[in-house]
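Worksheet for the structure shown next.
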Amino acid sequence: MSFWGIEVKPGKPFTHSFGKDRRRLHISQATLGIGPYTNKSLVQCNVGNKSPVLLCALLPEKNESCHLDLEFDEVNEVIFSVIGPRSVHLTGYYLGEAHRHTTVDDDSYPLVYIIIASFSCLS
């Protein structure tokens, strides 16, 4: 297990590519970046050509961090982006080797692991 963290800035998506070691990525928390704006910032991700999925909404002075319990084990790149005026810091860690998987339904979203996301942080 090793630490992972990024700052995703508005209008500048972050693309996570899985390396040859194919370790799973576990994201534990999203925290609102520092800034003067009072509007909420939304964090979303998408995998490959699939539609983006909202992960959390952060609101200054009310809900500035959100616990997440997400695991990604993807063949495609995972793109994280922020909608709103402030950056968001995502933190987590890499787990052991990835598990091989097969997709039964091609229309399903290809996230292999979305264990339990604490969506109580959504406003």
Practice task
Evaluate side-chain contact (heavy atoms from CB on, under 4.5 Å) for Cys66 paired with Leu58, printing each intermediate quantity in order.
Solution key: CA-CA 7 Å; Cys66 179; Leu58 301 171; 3.8 Å; yes
Handout entry: side-chain contact (heavy atoms from CB on, under 4.5 Å) assessment of Phe14 paired with Val78
Key = CA-CA 8 Å; Phe14 174 82; Val78 178; over 6 Å; no
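With rounding to the nearest 0.5 Å, the separation of OG1 in Thr31 from CD in Glu64 is 9.0 Å. Here the straight-line distance linking atom CZ of Phe80 with atom CD1 of Ile6 works out to 6.0 Å at 0.5 Å rounding. Separating the CG atom in Leu25 from the CG atom in Leu95 is a distance of 8.0 Å, to the nearest 0.5 Å. Atoms SG and CG, on Cys56 and Leu90 in that order, are 7.5 Å from each other to the nearest 0.5 Å.
Nearest heavy-atom pair across Ser81 and Val8 is CA-CG1, 3.8 Å. Nearest heavy-atom pair across Leu54 and Val43 is CD1-O, 3.3 Å. Taking each heavy atom of Leu59 and Asn39 in turn, the nearest pair found is CD1-C, 4.3 Å. Between Glu7 and Ser87, the shortest heavy-atom contact is OE2-OG, 2.7 Å. Across Trp4 and His16, no two heavy atoms sit closer than the pair NE1-CD2, 3.7 Å. Of all the heavy atoms in Lys40 and Ala57, the pair that sits closest is CD-CB, 4.5 Å.
For the pair Ile83/Pro10, no side-chain contact is recorded, criterion being any heavy-atom separation below 4.5 Å from C-beta on. Here the side chains of Thr91 and Gln29 are in contact, with some heavy-atom distance below 4.5 Å.
Side-chain N or O atoms of Ser41 include one that pairs as donor or acceptor with a backbone N or O of Arg86 at under 3.5 Å.
Residues passing the ring pair (Phe, Tyr, Trp, His ring centres under 6.0 Å) test with Tyr93, sequence neighbours excluded: His26.
No path of Ile, Leu, Val, Met, Phe, Trp and Tyr side chains, each step under 4.5 Å between heavy atoms, connects Ile79 with Val88, placing them in separate hydrophobic clusters.
For Phe18 and Tyr94, the ring centers are positioned 6.0 Å apart or more.
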